[in-house]
Amino acid sequence: MRKKILSNIPLIKHLESGHFFLIAGPCVIENESMPLQIAQHIAAICDQLEIPYIFKASYKKANRSSLHSFTGIGDVRGLELLAQVRELCHIPVLTDVHSVEEAKMAAKYVDVLQIPAFLCRQTELLVAAAETGKWVNVKKGQFVSPQAMRFAVEKVRETGNPNVMLTERGNSFGYQDLVVDFTGVAEMKKNGCPVVLDATHSLQRPNQESGQTGGRPELIEIMAKAGIAVGFDGLFMETHPNPAEALSDKSTMLELDKLEPLLKKLIRLHEAGRE
């Protein structure tokens, strides 16, 4: 197990070592025990495979399709559980923020503040996240071109914070599908920051009549392999012990027991690409 919190190291060290890094965890904190159990499981795998790892979980979900969907167990308690993962597993943690106030509050507990895709143009939010000094992960909006993401990067950097990365999660194709343009990684890398592929949300099928987002989780492996093959610096994957029972994004999360064999395949693919 790691001996110290690697709050800034994974996002820089991977560029020096040639490894890709992993952002992974459940969509949302569902209960008291779940975050630590999942984090310990993934951290052990990543330690063995020497993959820099950042634990991800939303302390609350603000962007649900239905008013009646689960949003979290309470803001402060959710953040406290993220801090617990950070301290006990000695790994950096990431969570979403949706407002200036949330950015200031969450920064006390986590290492990476994530800007949701639908808020990637919100100047006040980007600036507030940047001003905390934390790493800022900006998810590319489904309505934004890879070239246009340079403006989000500039908003973060012009506060004096150089710690920014971008995450691709597909573009809207009609009303109920997303498509990933893999040429976008080259465009976003021109900003000189790490670029990540979200291999699970890219497979969502939003705007379903049921009020719940659909997805194609059977394609996660293909999406992740494609991301490694074209040169993404990191992979983002939501995972859960039993996605069918998850309280959010049950249609797109990877089963936890499938993560290790997938990562082993991705390492072999990554190594082959370096030859």
Side-chain angles (χ1 to χ4, degrees), residues 5-12 14-15 21 23 25 27-29 54-64 71-72 74-76 78-80 82-83 86 92-172 184-185 187-198 201-202 232-234 236 238:
I5 295 173
L6 304 175
S7 56
N8 284 332
I9 298 301
L11 307 179
I12 298 302
H14 81 282
L15 294 175
F21 64 91
I23 301 173
C27 180
V28 63
I29 294 175
I54 301 167
F55 177 77
K56 180 272 168 187
S58 296
Y59 70 94
K60 77 172 181 180
K61 296 296 292 183
N63 53 327
R64 303 306 309 275
T71 59
D75 292 359
V76 174
L79 288 168
E80 288 175 344
L82 285 168
R86 183 187 194 218
V93 296
L94 172 153
T95 198
D96 311 78
V97 291
H98 309 85
S99 68
V100 170
E101 293 72 25
E102 285 186 24
K104 294 177 181 178
M105 177 174 66
K108 300 174 184 178
Y109 300 87
V110 305
D111 303 284
V112 185
L113 298 175
Q114 180 167 279
I115 308 300
F118 67 98
L119 294 175
C120 71
R121 289 168 54 92
Q122 295 297 105
T123 301
E124 287 187 353
L125 177 57
L126 286 161
V127 170
E131 288 178 341
T132 68
K134 300 292 183 176
W135 273 88
V136 181
N137 180 29
V138 187
K139 301 195 87 173
K140 183 175 74 62
Q142 300 92 320
F143 46 88
V144 179
S145 71
Q147 294 87 342
M149 288 305 293
R150 72 180 179 90
F151 299 110
V153 173
E154 289 172 0
K155 289 175 184 179
V156 173
R157 286 179 173 161
E158 288 182 13
T159 68
N161 184 351
N163 302 321
V164 59
M165 58 179 166
L166 299 174
T167 295
E168 169 65 66
R169 56 141 311 151
N171 279 76
S172 295
V185 64
E187 292 296 332
M188 289 191 285
K189 279 193 171 186
K190 291 178 181 179
N191 296 295
C193 65
V195 180
V196 181
L197 173 65
D198 184 338
H201 288 101
S202 293
F232 279 92
D233 299 303
F236 179 113
E238 288 188 339

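Note that the structure is a prediction, hence the values are computed from the model and not measured.
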Do Trp135 and Val110 make a side-chain contact, defined as non-hydrogen atoms from C-beta onward lying under 4.5 Å apart? no

According to ring-ring contact (aromatic ring centres under 6.0 Å, His included), who are the partners of Phe236, at least two apart in sequence or on a separate chain? His201

Any idea which heavy atoms bring Gly184 and Pro146 closest together, and the distance? CA-CG, 3.6 Å

Mind listing the side-chain donor-acceptor pairs of residues 115-126 below 3.5 Å, one per line with the distance, residues two or more places apart or on another chain?
| residue | atom | partner | partner atom | Å |
| --- | --- | --- | --- | --- |
| Thr123 | OG1 | Lys155 | NZ | 2.8 |

Asp233 side chain reached by Lys189 side chain, heavy atoms, under 4.5 Å: yes

Taking the side chain as every heavy atom from C-beta outward, state whether Leu79 and Val76 have any atom pair closer than 4.5 Å. no

Between Leu197 and Ser202 the two heavy atoms that sit nearest each other are CD1-OG, 4.2 Å

Hey, are the side chains of Val196 and Phe232 touching, using non-hydrogen atoms and a 4.5 Å cut-off? no

Taking all heavy atoms of Gly25 and all of Phe55, pick out the closest pair and write down the distance. CA-CE1, 4.1 Å

With sequence neighbours left out, write down each residue that passes side chain to side chain donor-acceptor pair (under 3.5 Å) with Thr95, or none if nothing qualifies. none

Could you give all pairs that pass the salt bridge (Lys or Arg N to Asp or Glu O under 4.0 Å) test and reach residues 99-110, with sequence neighbours left out? Lys60-Glu102

Can you tell me how far CD of Glu154 sits from OG1 of Thr159, rounded to the nearest 0.5 angstrom? 12.5 Å

To check you understand the geometry: which heavy-atom pair defines the closest contact between Val144 and Asn171, and what is its length? O-ND2, 3.3 Å

In a check of side-chain contact (heavy atoms from CB on, under 4.5 Å) between Val153 and each of Val138, Val136, Leu166, which one passes? Leu166

Partners passing side-chain contact (heavy atoms from CB on, under 4.5 Å) against Thr132 (at least two apart in sequence or in another chain): Ala107, Leu113, Lys134

The criterion is salt bridge (Lys or Arg N to Asp or Glu O under 4.0 Å); which residues satisfy it with Glu187, sequence neighbours excluded? Lys190

About how many Å separate OH of Tyr59 and CE of Met105, when rounded to the nearest 0.5 Å? 4.0 Å

Is there side-chain contact between Met149 and Val195, with heavy atoms separated by less than 4.5 Å? no

The reported gap from CD in Glu80 to CZ in Arg86 (rounded to nearest 0.5 angstrom) is 14.0 Å

Side-chain contact, heavy-atom cut-off 4.5 Å: Asp111 with Ile54? no

Where is the tightest heavy-atom contact between Asp96 and Lys56, given as atom of each residue plus distance? OD1-CE, 4.0 Å

Ignoring hydrogens, what is the shortest heavy-atom contact between Val100 and Ala128? Give both atom names and the distance. CG1-CB, 3.8 Å

May I have all residue pairs that pass salt bridge (Lys or Arg N to Asp or Glu O under 4.0 Å) and include part of residues 135-145, sequence neighbours excluded? Lys139-Asp198, Lys140-Glu168

Contacts of type side chain to side chain donor-acceptor pair (under 3.5 Å), residue Glu158, not counting sequence neighbours: none

As an exercise, state the distance from CG of Asn191 to CD of Gln147, rounded to the nearest 0.5 Å. 10.0 Å

